[in-house]
Amino acid sequence: MNTVLAALVVVAGFYFGLSFLIGGADAAAGFGISPWPTDGGSGYYIVKGVRDIAYGLTALILLLMGHRKALGFVILADTVMPLGDCIAVMTHGGTVAYALAVHGSAAVLVALIGVLLLVEQRRK
């Protein structure tokens with residue numbers, strides 16, 4: 001089950017990253033903030049998209065190599081990303097309710113997956 005949850009983290013990273021690179025304005029609306037008015041947010045979309053893809057690649061490499069404890073620590077450490085996203089939404093025009101529902105819940109889920117990977121008992 002933890003492998004499936006870890007794979008979900010990988011897929012989410014790729015999905016969100018590609019969403020921002022391909023359809024930035026639509027992805028920003030789902031993120032909970034409006035696009036930057038000066039440039040349509042294109043710089044932000046690239047930064048957010050590449051960040052999420054890099055996160056997905058890091059998790060994928062550790063998962064494929066079987067480094068489950070390292071993967072757990074990386075996923076747990078990367079809980080800071082949805083927490084930062086939550087703060088960004090709350091401070092840039094989004095509602096607190098939306099920020100907590102989307103990004104706060106993502107932070108809890110990501111932290112839970114990281115902890116599950118760290119405490120799992122592998123069969124010998």
Side-chain angles (χ1 to χ4, degrees):
M1 182 59 148
N2 289 346
T3 300
V4 172
L5 293 173
L8 176 66
V9 167
V10 171
V11 170
F14 290 135
Y15 172 77
F16 292 123
L18 290 172
S19 293
F20 271 89
L21 291 176
I22 294 168
D26 292 333
F31 186 79
I33 60 175
S34 56
W36 269 270
T38 56
D39 69 352
S42 61
Y44 163 75
Y45 303 149
I46 293 168
V47 170
K48 172 85 169 88
V50 170
R51 176 197 81 167
D52 289 348
I53 290 171
Y55 169 69
L57 283 172
T58 302
L60 178 63
I61 290 166
L62 291 172
L63 182 62
L64 292 176
M65 293 182 71
H67 298 299
R68 297 177 73 81
K69 190 154 287 255
L71 176 59
F73 279 117
V74 166
I75 289 175
L76 192 58
D78 285 339
T79 301
V80 76
M81 287 192 303
L83 290 174
D85 294 345
C86 187
I87 292 167
V89 170
M90 288 190 287
T91 59
H92 289 85
T95 66
V96 172
Y98 190 86
L100 292 174
V102 174
H103 303 289
S105 65
V108 170
L109 180 61
V110 169
L112 177 63
I113 293 169
V115 168
L116 288 172
L117 284 163
L118 290 174
V119 301
E120 75 180 358
Q121 300 293 317
R122 302 295 294 173
R123 291 187 183 140
K124 298 193 181 202

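Because only heavy atoms are used, hydrogens play no part in the values below, and waters and symmetry mates are left out as well, while side chains stay in. Note that the structure is predicted; figures quoted are calculated from it, not measured.
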Looking only at heavy atoms, which two atoms of A59 and V9 are closest? And how far apart? CB-CG1, 4.3 Å
All side chain to side chain contact (heavy atoms under 4.5 Å, CB included) counterparts of A6, not counting sequence neighbours: L63, L71, L117
Single-linkage hydrophobic cluster L83~V110, side-chain heavy atoms < 4.5 angstrom: no
Please round to the nearest 0.5 Å and tell me the distance separating atom NZ of K69 and atom CG of L62. 13.5 Å
Selection residues 86-95 - residue pairs positive for salt bridge (Lys or Arg N to Asp or Glu O under 4.0 Å), sequence neighbours left out: none
Residues forming a side chain to side chain contact (heavy atoms under 4.5 Å, CB included) with S105, sequence neighbours excluded: none
Output all residues satisfying side chain to side chain contact (heavy atoms under 4.5 Å, CB included) with V47, sequence neighbours left out; order by chain, then residue number. none
Verify same cluster id: L60, I53 (apolar side-chain graph, 4.5 Å): yes
Taking only residues two or more places apart in sequence or in another chain, which ones pass side chain to side chain donor-acceptor pair (under 3.5 Å) with D26? none
Does L8 have any side chain to side chain contact (heavy atoms under 4.5 Å, CB included) partners at least two apart in sequence or in another chain, and if so, which? none
Within this structure, what is the CG-OG1 distance for the pair L116 and T3, rounded to the nearest 0.5 Å? 11.5 Å
Once ring-ring contact (aromatic ring centres under 6.0 Å, His included) is applied, what residue pairs with a partner in residues 6-32 remain, sequence neighbours excluded? F20-F31, F20-Y44, F31-H103
Which atom of P82 lies closest to which atom of A107, heavy atoms considered: CG-CA, 3.6 Å
Any ring-ring contact (aromatic ring centres under 6.0 Å, His included) involving residues 52-86? Give me the pairs, sequence neighbours left out, ordered by first then second residue. none
Which pair of non-hydrogen atoms, one from L76 and one from A111, has the smallest distance, and what is that distance? CD1-O, 3.7 Å
Atom pair CG/CG of L109 and L5 - distance to nearest 0.5 Å: 7.5 Å
Strictly by salt bridge (Lys or Arg N to Asp or Glu O under 4.0 Å), give each pair with a member in residues 52-66 just once, sequence neighbours left out. K48-D52
Considering only residues two or more places apart or on different chains, which pairs with a residue in residues 72-85 satisfy side-chain hydrogen bond (donor to acceptor under 3.5 Å, both in side chains)? R51-D85
M65: hydrophobic cluster co-members (side-chain, 4.5 Å): I61
Give the cluster check for I75 versus V115: same hydrophobic cluster or not, with ILVMFWY residues linked at side-chain heavy-atom distances below 4.5 Å. no
Between C86 and L100, what is the shortest heavy-atom contact and its length? SG-CD2, 3.8 Å
State, to 0.1 Å, how close L21 and I46 come at their nearest heavy-atom pair, and which atoms those are. CD2-CA, 3.8 Å
Check for me, please, whether I113 and V119 land in the same ILVMFWY cluster - side-chain distances under 4.5 Å, paths through other members count. no
